[in-house]
Q: 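Structure below; questions to follow.
In this chain, residues are counted from 1 in sequence order. The basis for the numbers below is simple: all heavy atoms, side chains too, and nothing from hydrogens, waters or symmetry mates.
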Amino acid sequence: MAFNSYIFVLVFLPFTLLGYFLLNHFNQYQVSKIYLLAMSLWFYTNASINYLWILLVSISANYALCLVMDHLKYNLSVRKTVFVITLLF
């Protein structure tokens with residue numbers, strides 16, 4: 001499924017947006033974020049399941065590096081270095 005395919009535009013995108021906004025409407029903010037993450041992973045692994053581990057490693061590494069950046073609020077030089085590493089990863 002590609003971004004410009006009919007199945008994406010007419011089925012996947014409306015279903016994803018409807019689910020996300022319905023969950024937000026009922027104040028299920030954490031669930032809506034998990035839903036959006038799951039739908040994104042499903043979309044990108046639809047072509048090949050082999051790409052799932054690459055996405056999960058990338059998401060985990062970026063999340064961990066962002067936590068490090070949050071922990072280093074006042075050490076700007078190290079924080080900038082971690083930011084550059086995050087961009088490169």
Q: Do Leu52 and Leu41 pass the side chain to side chain contact (heavy atoms under 4.5 Å, CB included) test, and can you show the C-alpha distance, the side-chain angles, and the key distance before you say yes or no?
A: CA-CA 7 Å; Leu52 181 62; Leu41 289 174; 4.2 Å; yes
Q: Does Phe21 belong to the same Ile/Leu/Val/Met/Phe/Trp/Tyr cluster as Val31, with side-chain heavy atoms less than 4.5 Å apart forming each link?
A: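 Same cluster: Phe21 reaches Val31 through Ile, Leu, Val, Met, Phe, Trp or Tyr contacts under 4.5 Å.
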Q: Please determine whether residues Ile34 and Tyr44 belong to a single hydrophobic cluster, defined as Ile, Leu, Val, Met, Phe, Trp and Tyr linked transitively by side-chain heavy-atom distances below 4.5 Å.
A: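 No, no single cluster joins them.
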Q: Sub-3.5 Å donor-acceptor pair from the side chain of Thr45 to the main-chain atoms of Ser48, do we have one?
A: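 Judged by distance alone, no pair lies under 3.5 Å.
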Q: Is there a donor-acceptor contact under 3.5 Å from the side chain of Ser5 to the main chain of Ala2?
A: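 Present.
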Q: Please check this pair: side chain of Asp70 against backbone of Cys66, looking for a donor-acceptor N/O pair closer than 3.5 Å.
A: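 Here the side-chain-to-backbone pair does not exist.
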Q: Can you tell which of Ile85, Val78, Thr86 makes a side chain to side chain contact (heavy atoms under 4.5 Å, CB included) with Met69?
A: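 Exactly one pass, corresponding to Thr86.
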Q: Measuring from atom OG1 of Thr16 to atom CH2 of Trp42, what distance do you get when rounded to the nearest 0.5 angstrom?
A: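 Thr16 atom OG1 to Trp42 atom CH2 measures 8.0 Å (nearest 0.5 Å).
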Q: Would a hydrophobic clustering, with Ile, Leu, Val, Met, Phe, Trp and Tyr connected at side-chain separations under 4.5 Å, put Val11 with Leu36?
A: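 Same hydrophobic cluster.
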Q: Indicate the atoms forming the closest heavy-atom contact of Arg79 with Lys73, along with that distance.
A: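 In this case the closest contact between Arg79 and Lys73 is NH1-CA, 3.6 Å.
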Q: With the side chain counted from C-beta on, respond yes when Leu22 and Leu18 share a heavy-atom pair under 4.5 Å apart, and no when they do not.
A: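 Yes, close enough: below the 4.5 Å cut-off.
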Q: Please check if Val68 and Leu87 belong to a single hydrophobic cluster, counting links between Ile, Leu, Val, Met, Phe, Trp and Tyr side chain heavy atoms closer than 4.5 Å.
A: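 Looking at the clustering, Leu87 is in the same group as Val68.
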Q: To the nearest 0.5 angstrom, please state how far the CZ atom of Phe12 sits from the CG atom of Leu10.
A: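 Answer for the CZ-CG pair, Phe12 versus Leu10, is 13.5 Å.
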Q: Return yes if some donor-acceptor pair links the side-chain N/O of Ser58 with the main-chain N/O of Leu55 below 3.5 Å, else return no.
A: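 Flag not set: sc Ser58 to bb Leu55 has no pair under 3.5 Å.
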Q: Would you check if Phe15 and Met39 make a side-chain contact, meaning some heavy-atom pair closer than 4.5 Å?
A: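 They are in contact (side-chain heavy atoms under 4.5 Å apart), so the answer is yes.
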Q: Can you see which heavy atom on Pro14 is nearest to which on Val9, and at what distance?
A: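 The answer is CD-O, 3.2 Å.
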Q: Could you grab the distance from atom CG of Leu76 to atom OH of Tyr74, nearest 0.5 Å is fine?
A: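 Those atoms lie 10.5 Å apart.
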Q: Just by modelled atom types, is the Leu56 backbone N or O under 3.5 Å from a matching donor or acceptor in the Ser60 side chain?
A: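 Checking the backbone N and O of Leu56 against the side chain of Ser60, a donor-acceptor pair under 3.5 Å is found.
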Q: Answer yes if Leu17 and Tyr29 sit in the same cluster of Ile, Leu, Val, Met, Phe, Trp and Tyr residues linked by side chain heavy atoms under 4.5 Å apart, and no otherwise.
A: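 Different clusters.
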Q: Quick one: NZ on Lys33 to CG on Asn24, what's the gap to the nearest 0.5 Å?
A: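 Taking NZ in Lys33 and CG in Asn24, the distance rounds to 8.5 Å.
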Q: Do the rings of Phe43 and Phe8 sit parallel, tilted or perpendicular, given the 30° and 60° boundaries?
A: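 Phe43 vs Phe8 ring planes: tilted.
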Q: In terms of heavy-atom contacts, does CD1 of Ile7 have more than 12 from other residues, nucleotides or ligands at under 6.0 Å?
A: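 Open: at most 12 neighbouring heavy atoms sit under 6.0 Å from CD1 of Ile7.
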